[in-house]
Amino acid sequence: MKFFNSQIRQRAQNCSVRKSGRGHIFRSVATVLTRNSKLDGVVEFAYGPVVQVPADRYPKVFMTAPPTLPKFRQQLILAVLMLCSLLIWLDNTVLSTTLETLSDPVRGLGANPGQLQWATGSYTLAFATLMFTAGALGDRFGHRTVFSSGLVIFAGSSLWAAYASDAGQLIAARAAMGVGSALITPAMMAILMWTFTGPARAAAIGIFSTSAGVGMAAGPVLAGFLLDHSWWGSVFLINVPVSALALVGLAVLVPNFRSPTLRPLDPAGMLLSISGLVALAYGLIRAGQVAAWSRTDVWAPIIVGLVLLAVFVLVELRVKVPSFDPRLFAQRTFGGGNVALGLLLFGVAAITFYNAFYLQGALGFSPMKAGLANIPTAFGALAGAPLASRLVRRLSLRLVTVPALIVAALTMGGYGFLGLQTPLVWIEILLLIQGLSIGMVIGPVTAALISDLPLEQAGAGSAATNTVRQTGSVIGIAVGGTIMSITYRRAIEPSLEGAPGPVQDQARVSAEQARHVATAIHRPTLAQAADNAFIHAMHVGAGWIAVIALLGAAVLLITLPAVGKKKGPIPEPDCEEARSSV
């Protein structure tokens with residue numbers, strides 16, 4: 001055995017000398033094989049070459065390498081991938097600018113807060129729970145095939161969303177868009193990993209990551225421009241020609257890469273996770289609609305959802321190759337870091353939901369002005385990640401991320417001090433600090449969690465991290481919106497005395513509905529009361545959101561090591577996300 005280990009180590013070192021662009025992958029292989037003398041099943045690595053292990057006790061792992069493509073073709077493939085990434089990020093950001101318009105009975109669909117929560121959450125829920133299966137499908141049928149299918153679904157559902165006649169259709173279309181995104185994202189990252197190797201891969205990842213920042217900054221502005229000059233459906237309709245252009249690029253430029261080792265599908269886990277999250281989100285959102293927690297249609301779905309999610313965990317524990325591996329959370333740093341990220345994303349989703357109604361509803365900003373007002377958040381997030389990476393090299397991860405998460409929580413609580421007369425400059429400063437602090441937490445913590453795992457667990461770790469983050473977003477929208485709805489109803493009630501029954505019913509739905517009916521019956525005092533009730537509800541909700549985000553900071557403080565480990569370079573988390581993107 002010692003002789004075998006020494007040979008593997010020597011060959012890995014030789015390969016790293018002869019092929020410096022792939023040396024880090026060979027060294028990782030040697031590390032895995034010498035770390036654990038008993039391998040179980042086929043060993044896979046992140047879309048790079050692997051070595052052959054003697055038979056019998058040591059399974060065969062076949063040498064695979066992506067085909068070498070001409071440099072110009074690689075650049076064109078990268079352009080196509082960036083276009084698709086930009087499309088996904090634009091779609092993630094334009095809806096927040098569109099929520100206020102969708103709630104308007106005249107310019108939009110007259111959607112109530114619960115329906116808008118579902119319009120936002122259904123996309124995230126489908127995206128979170130289907131990426132398991134999407135990565136495995138790419139291994140089986142080829143990533144270009146899965147990518148193209150996702151683009152077709154995304155374009156078709158965008159067309160459906162653009163011409164939805166009611167909130168129910170919009171919710172269904174948004175869920176279908178989430179399915180398309182779930183198919184696109186793992187395949188997109190996998191193709192990037194297959195196309196580039198060595199230093200070119202690192203450079204491609206850096207260039208590719210800029211598409212996220214462009215999408216974050218441009219999405220609200222583009223949505224504002226379209227809403228100011230066209231109807232609300234145009235923010236979804238723009239996805240169709242971009243998807244068509246990307247499909248042509250895929251067909252002409254991209255080979256149909258696939259993994260030599262098939263990952264098993266997990267239909268039981270997928271169904272249990274979807275049904276559990278849907279039931280839990282339904283109960284939480286329903287509580288806001290009926291303003292009561294004691295009703296059966298509120299607590300029963302919540303309990304059913306929690307039970308189904310518990311069964312999901314038990315099922316995944318019994319599966320030999322789980323899509324979501326709960327065992328990883330027994331590791332203190334990995335489990336605590338993911339819980340903290342989930343709590344942070346909970347707060348981000350909830351406060352973003354509030355922000356949309358505050359800027360356009362309470363302050364009366366046009367969609368374009370609201371989109372421009374949100375740009376500091378994107379710029380802050382873009383600056384925060386590289387700043388934190390530099391600080392982590394000098395300080396420990398805990399010393400950088402815990403204070404940053406505390407600041408992020410305080411900026412969320414800062415919404416409790418915003419009002420109808422708050423100067424725009426203070427709002428912009430708050431949003432800039434918020435984006436900066438959030439960026440300083442998510443990137444470094446995610447990279448550290450994945451890099452801290454053994455290589456053979458990196459794919460499963462990426463799966464767990466992405467699931468927790470998306471789940472935090474879904475629950476954040478549900479809980480944050482419900483707190484706002486319940487508090488608003490209680491605050492608006494005294495102002496409805498003496499008003500006709502239909503007026504009272506409509507005004508209780510939301511501040512947007514109250515403003516509309518106040519204009520119709522020429523009662524400006526009702527509109528003012530609705531604004532005040534919304535501001536009160538936002539203050540209460542912001543306080544709870546800040547507490548939950550601070551809880552995430554406490555978890556990081558307890559679970560992260562006080563002093564960073566002295567080790568080699570941290571592998572890019574994107575490489576592991578490319579392996580499974582879940």
Side-chain angles (χ1 to χ4, degrees), residues 87-103 108-134 150 153-185 219 223 232-233 235-236 239 270-289 297 301-302 304-305 308-309 345-346 348-350 352-353 356-357 466-467 469-482 484-485 582:
L87 179 67
I88 298 298
W89 278 100
L90 284 174
D91 186 74
N92 286 340
T93 54
V94 296
L95 185 64
S96 61
T97 308
T98 315
L99 291 175
E100 175 69 25
T101 302
L102 290 171
S103 66
L109 298 175
N112 61 47
Q115 292 169 329
L116 294 175
Q117 287 170 271
W118 275 116
T120 305
S122 62
Y123 174 92
T124 307
L125 193 150
F127 186 78
T129 54
L130 292 179
M131 278 199 299
F132 302 147
T133 305
I153 294 173
F154 189 83
S157 54
S158 296
L159 191 63
W160 181 14
Y163 292 99
S165 59
D166 55 47
Q169 289 188 26
L170 178 62
I171 292 168
R174 287 286 298 168
M177 291 173 71
V179 173
S181 294
L183 295 175
I184 291 171
T185 304
W232 62 266
V235 301
F236 300 114
N239 296 337
M270 183 183 68
L271 291 175
L272 284 170
S273 59
I274 291 176
S275 56
L277 284 174
V278 167
L280 178 61
Y282 175 83
L284 294 171
I285 292 174
R286 185 63 179 161
Q289 293 176 319
D297 57 349
I302 293 176
V304 169
L308 288 173
L309 292 175
L345 269 294
F346 175 103
V348 170
T352 301
F353 192 75
F357 297 104
N466 278 277
T467 301
R469 287 166 59 171
Q470 298 296 332
T471 300
S473 296
V474 171
I475 304 304
I477 294 168
V479 173
T482 295
M484 183 178 70
S485 296
V582 291

May I ask you to test the [X]-[Y] pair for a side-chain heavy-atom distance under 4.5 Å?
X: Leu109; Y: Gln169; value: no
X: Asn239; Y: Leu87; value: yes
X: Trp118; Y: Tyr282; value: yes

Can you measure from CZ (Arg174) to CG (Leu125) and round to the nearest 0.5 angstrom? 12.5 Å
Is the CH2 atom of Trp232 crowded by more than 12 outside heavy atoms at less than 6.0 Å? yes
By side-chain contact (heavy atoms from CB on, under 4.5 Å), which residues pair with [X], not counting sequence neighbours?
X: Ile302; value: Leu280, Leu284, Trp293, Val298, Leu306
X: Leu99; value: Leu95, Leu116, Thr120, Phe353, Ala356, Phe357
X: Leu272; value: Leu308, Val311, Phe312, Val315
X: Ser181; value: Ile88, Tyr123, Phe127, Phe154

Smallest separation among heavy atoms of [X] and [Y], with atom names:
X: Ser473; Y: Thr124; value: CB-CG2, 4.0 Å
X: Ser157; Y: Ala176; value: CB-CB, 3.5 Å
X: Thr129; Y: Met270; value: O-CG, 3.9 Å
X: Thr482; Y: Ile285; value: OG1-CA, 3.5 Å
X: Ala223; Y: Thr98; value: CB-OG1, 4.5 Å
X: Gly476; Y: Ala350; value: O-CB, 3.4 Å

With side-chain contact (heavy atoms from CB on, under 4.5 Å) as the test, would you mind laying out the steps for Met177 and Trp160 before giving the verdict? CA-CA 10 Å; Met177 291 173 71; Trp160 181 14; over 6 Å; no
Residues forming a side chain to side chain donor-acceptor pair (under 3.5 Å) with Ser273, sequence neighbours excluded: none
Asp297: partners by salt bridge (charged side-chain N to carboxylate O under 4.0 Å, His left out), with sequence neighbours left out: Arg286, Arg295
Would a distance-only check, ignoring hydrogens and angles, find a side-chain to backbone donor-acceptor pair under 3.5 Å from [X] to [Y]?
X: Gln117; Y: Ile477; answer: yes
X: Gln470; Y: Thr467; answer: no
X: Ser122; Y: Ile171; answer: yes
X: Ser96; Y: Thr93; answer: yes

